[in-house]
Amino acid sequence: MAKAITSRSEDYSQWYNDIVRKAGMADYSAVRGCMVIKPHGFAIWENMQKQLDSMFKDTGHVNAYFPLFIPKSFLSKEAQHVDGFAKECAVVTHHRLMNAPDGSGVIVDPDAKLEEELIVRPTSETIIWNTYKDWIQSYRDLPLLINQWANVVRWELRTRLFLRTAEFLWQEGHTAHATRQEALDETRLILDIYATFAEEYMAMPVIKGVKTANERFAGADDTYCIEALMQDGKALQAGTSHFLGQNFARAFDVTFLNKENQQELVWATSWGVSTRLVGGLIMTHSDDDGLVLPPKLAPTQVVIVPIPKPSPEINDAVEALMKNLRSLGVSVKYDNDETKRPGFKFAEHEMQGVPVRVGVGMRDLEKGQVEIARRDTKEKVFVPKDGAGDYIVKLLDEIQENLLQRAKDYRTENTRNADSMEEMTSILDGPGGFVSAHWDGTSETELAIKEQTKATIRCIPLDGPVETGSCILTGNPSSQRVLFARAY
RNA sequence: CGGGGUGUGGCGCAGCCCGGUAGCGCGCUACGUUCGGGACGUAGAGGCCGGAGGUUCAAAUCCUCUCACCCCGACCA
């Protein structure tokens with residue numbers, strides 16, 4: 001067991017790091033807080049991108065690209081916005097290097113100082129709204145439904161592979177609308193897309209909700225989010241969709257002439273998901289043997305291992321099966337590396353989370369069968385060779401379904417009501433998970449609870465039952481339970 | 001930014017207390033034997049011990065300074 005990983009029960013965050021590195025997802029880089037995304041990790045991200053991109057396009061959005069650099073002055077135009085991001089910005093101050101006079105290497109050329117510093121975008125609202133100002137004159141120019149796939153930089157103090165890196169990849173949608181209602185509808189439309197994607201593709205159940213004022217995006221009137229629960233009982237914000245009101249339109253003076261020939265401020269939304277989703281995917285499904293991937297996002301859905309090694313008969317059988325699987329839309333790889341033995345390959349593919357493994361050996365072929373193993377349950381069955389393709393297609397669906405169900409069950413078991421601070425504390429210090437509790441709606445109370453428990457309000461669930469009660473801290477009236485958790 | 005830790009072949013580590021010129025496991029290369037759950041043998045390749053000073057006949061080891069990264073917090077997608 002050369003590649004044994006730390007078990008979840010022993011040290012959850014070490015387990016997570018082991019998975020990321022030993023499954024070949026990412027590595028630490030020479031730059032603090034920045035990771036190298038390796039081919040296996042990037043392939044998963046590409047599959048996420050592909051699916052999300054088509055969902056955005058199906059709902060009328062188009063892609064564009066805005067600059068990496070933002071003039072410093074732009075950032076300060078929206079007061080809330082700059083407050084939210086100022087502390088974590090990378091700043092470009094010069095544009096040239098020169099040889100050090102003492103020959104010790106290169107130094108920044110002091111004569112190449114920029115007149116105005118450039119900020120490496122932490123998010124693109126400002127540069128985009130500065131551009132929208134020129135693009136929007138009339139109600140006929142609206143709505144403007146634009147998305148960009150990009151990298152952003154936030155100089156985080158504490159980073160974690162995929163979950164929080166100083167540079168990360170994401171998509172950010174920025175839309176402009178003629179009416180408040182239209183912008184609100186857009187915010188919710190995207191939230192639904194995110195939730196659908198999380199559940200149907202990532203097999204990661206999420207709670208849709210609204211953030212409290214404390215947790216709101218800097219510059220938004222409302223922040224909607226999807227919240228997922230990880231295996232260690234901590235919550236992960238998996239995506240956000242912001243209703244920006246007219247804040248950025250006001251800051252960047254973006255107005256349009258309506259049908260009545262009156263100038264109005266434009267309404268805005270912005271929304272994003274990032275490579276953090278890859279971290280969420282890992283922490284939702286994987287186990288002590290490595291990565292577990294939902295078939296819909298797995299770079300390779302089926303791997304075929306010759307047992308014990310390739311031979312003409314085995315190759316022929318594999319060839320036929322691969323052709324069959326490909327015609328059924330399944331991605332399949334033949335691991336015919338003769339220098340590695342089957343056991344090694346099994347362990348390796350389990351580590352990398354390939355959903356289905358097919359073992360093809362003479363002993364089975366003589367019986368007209370192949371061995372099929374599923375990654376999620378580790379079960380193995382023998383299936384007639386000729387029906388293997390159809391069997392696998394069904395099995396992939398079943399795995400996808402099972403992963404979602406398993407994650408849902410876990411979340412259900414780990415979502416508890418608390419009606420007092422004592423109950424809440426004992427849940428959080430015990431099993432963890434989501435705690436559903438009454439809250440009086442004030443920021444002071446929320447912060448006081450955070451102070452005592454380290455838990456934050458993850459969201460006010462959109463489809464939670466309406467139930468009146470009294471705040472677990474102050475006893476003041478509450479109209480709905482909200483979801484607390486310790487979070488990543 | 002506070003607290004903790006670590007820097008030694010590609011990876012994981014030992015050696016440091018008590019200075020004497022670097023070792024183990026995995027991986028890598030070659031050959032042979034193996035081959036239905038991470039094979040074995042033999043022979044090899046590969047490291048100026050994070051960096052800079054200092055002490056000493058002699059420094060991975062002692063002293064000073066420094067840099068980097070990781071983990072736990074606070075901040076955040």
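Here is the naming used below: chain letters follow the sequence lines, and residue numbers restart at 1 for every chain.
- Across all strands shown, B/U42 forms a Watson-Crick or G-U wobble pair with B/A30, both key distances being under 3.5 Å.
- A/Glu350 comes within 4.0 angstrom of a nucleotide base, judged by non-hydrogen atoms across all strands.
- You'll find the side chain of A/Thr223 stays beyond 4.5 Å of the side chain of A/Gln237, heavy atoms only.
- Residue-to-nucleotide contacts include no donor-acceptor pair under 3.5 Å from the side chain of A/Glu371 to the base of B/G37.
- If you check every strand for non-hydrogen atoms under 4.0 Å, A/Arg32 touches sugar and phosphate atoms only.
- If you take atom P in B/U29 and the same atom in B/C67, they sit 40 Å apart, rounded to whole Å.
- Backbone-only engagement by A/Tyr28 is indicated by non-hydrogen atom pairs under 4.0 Å involving sugar-phosphate atoms exclusively.
- For the pair A/Arg357 and A/Phe346, the distance from NZ or CZ to the six-membered ring centre is under 6.0 Å and the angle to the ring normal is within 45 degrees.
- Mapping A/Tyr488 and A/Arg341 onto RNA chain B by nearest heavy atom places A/Arg341 at the nucleotide closer to the 5' end.
- Classification of the A/Tyr12-A/Trp15 ring pair by plane angle, with boundaries at 30° and 60°, yields tilted.
- Residue-to-nucleotide proximity on RNA chain B shows that, of A/Val360 and A/Thr159, the 5′-proximal contact is made by A/Val360.
- If you take atom C1' in B/U6 and the same atom in B/C11, they sit 15 Å apart, rounded to whole Å.
- Counting non-hydrogen atoms under 4.0 angstrom, A/Leu236 reaches nothing in the nucleic acid.
- Using a 4.0 Å heavy-atom distance criterion, A/Glu156 is classed as a base contact.
- In this structure, B/A68 and B/U6 make a Watson-Crick or G-U wobble pair, each of the two defining distances being under 3.5 angstrom.
- Rounded to whole angstrom, the span from the CZ atom of A/Phe85 across to the P atom of B/A77 amounts to 7 Å.
- Rounded to whole Å, atom C1' of B/C71 lies 15 Å from atom CD of A/Glu10.
- The phosphate of B/C70 has neither OP1 nor OP2 within less than 4.0 Å of any side-chain N or O from A/Asn17.
- When the nucleotides B/A77, B/C75, B/G37 are ranked by their closest atom to the side chain of A/Lys450, B/C75 comes out on top.
- For the C1' atoms, the distance linking B/A39 with B/G27 amounts to 15 Å, nearest Å.
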(request) Go through the steps to decide whether A/His61 and A/Trp271 satisfy the test ring pair (Phe, Tyr, Trp, His ring centres under 6.0 Å), and finish with yes or no. (result) CA-CA 12 Å; A/His61 301 85; A/Trp271 29 275; 5.1 Å; yes
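- Here, B/C69 and B/U61 have their C1' atoms 23 Å apart, quoted to the whole Å.
- Distance noted for atom C1' between B/U8 and B/A77: 38 Å (whole Å).
- Rounded to whole Å, the C1' atom of B/G32 lies 46 Å from the corresponding atom of B/G51.
- Two rings, from A/His174 and A/Phe66, have their centers 6.0 Å or more apart.
- Atom CZ in A/Phe346 sits about 14 Å away from atom C1' in B/A39, given to the nearest Å.
- Distance check on atom C1': B/A60 versus B/C16 gives 7 Å, rounded to whole Å.
- Of the listed nucleotides (B/G38, B/G36, B/C35), B/C35 has the atom at the smallest distance from the side chain of A/Pro308.
- The heavy-atom pair separating A/Phe434 from A/Leu229 by the smallest distance is CE1-CB, 3.7 Å.
- What separates CE of A/Met230 from C1' of B/A77 is a distance of 13 Å, to the nearest Å.
- The phosphate of B/G36 has neither OP1 nor OP2 within less than 4.0 Å of any side-chain N or O from A/Arg363.
- Nucleotide B/G23 forms a Watson-Crick or G-U wobble pair with B/C13, both donor-acceptor distances falling under 3.5 Å.
- Heavy atoms of A/Arg357 sit under 4.0 angstrom from at least one base atom.
- With hydrogens and angles left out, the side chain of A/Lys380 and the base of B/G37 share a donor-acceptor pair within 3.5 Å.
- Nucleotides B/C24 and B/G41 place their P atoms 15 Å apart, quoted to the nearest Å.
- Look at CG on A/Asp18: it is 13 Å from C1' on B/C71, rounded to the nearest Å.
- Classification of the A/Phe243-A/Trp267 ring pair by plane angle, with boundaries at 30° and 60°, yields parallel.
- Taking a pair to require two hydrogen-bonding distances under 3.5 Å in either a Watson-Crick or a G-U wobble arrangement, B/G73 pairs with B/C1.
- Here A/Ser274 lies in heavy-atom contact (under 4.0 Å) with a base.
- Residue contacts shown for A/Ser13 are limited to sugar-phosphate atoms, with no base heavy atom under 4.0 Å away.
- Among the atoms of the strands shown, base atoms are found under 4.0 Å from some heavy atom of A/Thr165.
- Rounded to whole angstrom, the span from the NZ atom of A/Lys340 across to the C1' atom of B/G36 amounts to 19 Å.
- Considering only side-chain atoms of A/Pro342, the nucleotide from B/G38, B/G36, B/C75 that sits closest is B/G36.
- Computed from coordinates, the A/Gln14 CD to B/C70 P distance equals 13 Å when rounded to whole Å.
- In this structure, A/Trp129 and A/Tyr132 have perpendicular ring planes: the angle between them is above 60°, well past the 30° mark.
- Here A/Arg154 does not reach the OP1 or OP2 of B/A77: none of its side-chain N or O atoms lies under 4.0 Å away.
- In a base pair of the Watson-Crick type (N1 to N3 plus N6-O4 or O6-N4) or a G-U wobble (N1-O2 and O6-N3), with each distance short of 3.5 Å, B/C62 is matched with B/G54.
- Per the geometry, NZ belonging to A/Lys309 stands 11 Å off P belonging to B/U33, to the nearest Å.
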